[in-house]
Amino acid sequence: MRAVSGVWRWRHNPLRRATDRREAWVALVALLLMVLAAPALGWLCGALTDDVLQQSVRFQQTQRHATTAVVVRLAPGARHLVTDPEVPSERATQTAVLARWKAPDGTPLRGKVVTSSRVTDPGARVRIWTDPQGRPAPRPMDSATARTHAALAGFGVTLICVGLVEAGRRLVVWRMVQRRYAELDRAWAEAGPDWGRTGTGS
């Protein structure tokens with residue numbers, strides 16, 4: 001912001017340098033990109049991500065089915081803390097059990113499943129998710145979770161864009177400063193030998 005204010009502070013200043021104005025304009029362009037372009041790109045990325053994830057939600061909901069399984073017995077190492085990667089809020093102590101259930105076509109199946117139900121005694125009924133073949137499957141993602149992931153993706157893209165713009169601004173300013181120093185060195189080389197010599201150059 002200090003550099004941006006230089007556009008006006010040095011506009012009519014007789015001591016202004018061309019590099020001062022260029023640095024100020026670079027900062028102004030960078031600021032506009034951070035305030036306008038970066039959020040717009042983040043919003044676009046979030047919207048596209050949400051569209052893709054919502055399609056995934058609809059696909060998973062058609063491919064995964066909720067059914068009821070009957071507990072036969074606890075599985076070895078039954079209780080453990082599990083986080084469902086598709087449902088961030090689904091974090092609880094889950095239990096692995098051996099159970100029996102029926103596939104969508106009515107075929108009886110038996111195997112190891114994981115449930116968050118607190119009642120896992122033999123004969124208890126627990127809810128599980130299966131794929132079209134009746135095999136145990138993760139819980140399908142819901143729309144709210146998809147929107148959360150999309151919002152995080154958009155926010156992340158915005159931050160990355162802001163960082164890239166700031167890095168680009170610093171690089172451009174660094175190059176301008178290096179060029180200014182080179183010009184000062186050349187000016188010093190031309191004027192320096194005359195310093196301290198009475199009548200030199202007169």
Results of side chain to side chain contact (heavy atoms under 4.5 Å, CB included) for [X] - residues two or more places apart only:
| X | answer |
| --- | --- |
| V172 | V26, M176 |
| V70 | R100, R125 |
| L41 | V157, C161 |
| A182 | R186 |

Intermediate values then yes/no, side chain to side chain contact (heavy atoms under 4.5 Å, CB included), L98 and R110: CA-CA 7 Å; L98 294 178; R110 181 187 180 100; 5.7 Å; no
Is [Y] close to [X] at the side-chain level, that is, under 4.5 Å between some pair of heavy atoms?
| X | Y | result |
| --- | --- | --- |
| I128 | T67 | yes |
| M141 | Q61 | no |
| L28 | W25 | yes |
| V97 | V113 | yes |

Backbone N/O of A124 and side chain of D121: donor-acceptor pair under 3.5 Å: no
Heavy-atom pair of closest approach, residues [X] and [Y]:
| X | Y | value |
| --- | --- | --- |
| A150 | L53 | N-CD1, 4.0 Å |
| G42 | T158 | CA-OG1, 3.3 Å |
| F59 | T62 | O-OG1, 2.6 Å |

Cluster overlap L44 with L36, hydrophobic side-chain contacts below 4.5 Å: no
Can you tell me how far the [atom1] atom of [X] sits from the [atom2] atom of [Y], to the nearest 0.5 Å?
| X | Y | atom1 | atom2 | value |
| --- | --- | --- | --- | --- |
| T68 | R127 | OG1 | CZ | 8.0 Å |
| E23 | R169 | CD | CZ | 9.0 Å |
| R175 | R179 | CZ | CZ | 9.5 Å |
| R180 | E183 | CZ | CD | 9.0 Å |

Connecting only ILVMFWY residues whose side-chain heavy atoms lie within less than 4.5 Å of each other, what is the rest of [X]'s hydrophobic cluster?
| X | answer |
| --- | --- |
| W129 | none |
| L159 | F155 |
| V29 | L33, M34, V162, V165 |

Sequence-distant partners of T107, side chain to side chain donor-acceptor pair (under 3.5 Å), two or more places apart: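 By the side chain to side chain donor-acceptor pair (under 3.5 Å) rule, T107 matches D105.
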Those residues that, when tested against S56, pass side chain to side chain donor-acceptor pair (under 3.5 Å) (two or more places apart):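 S56 satisfies side chain to side chain donor-acceptor pair (under 3.5 Å) with Q60 only.
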Side-chain donor/acceptor pairs under 3.5 Å, residues 131-138, sequence neighbours excluded:
unit_1, atom_1, unit_2, atom_2, d
D131, OD1, Q133, N, 3.0
D131, OD1, G134, N, 2.9
D131, OD1, R135, N, 2.8
D131, OD2, R135, NE, 2.9
D131, OD2, R135, NH2, 3.2
Q133, OE1, R135, NH2, 3.1

Pairs where residues 39-50 contributes a residue and the test side chain to side chain donor-acceptor pair (under 3.5 Å) is met, not counting sequence neighbours: D50-Q54
Residues that R147 engages under salt bridge (Lys or Arg N to Asp or Glu O under 4.0 Å), provided they are two or more places apart: none
Residues T120, L74; criterion side chain to side chain contact (heavy atoms under 4.5 Å, CB included); working and verdict: CA-CA 7 Å; T120 54; L74 294 178; 3.7 Å; yes
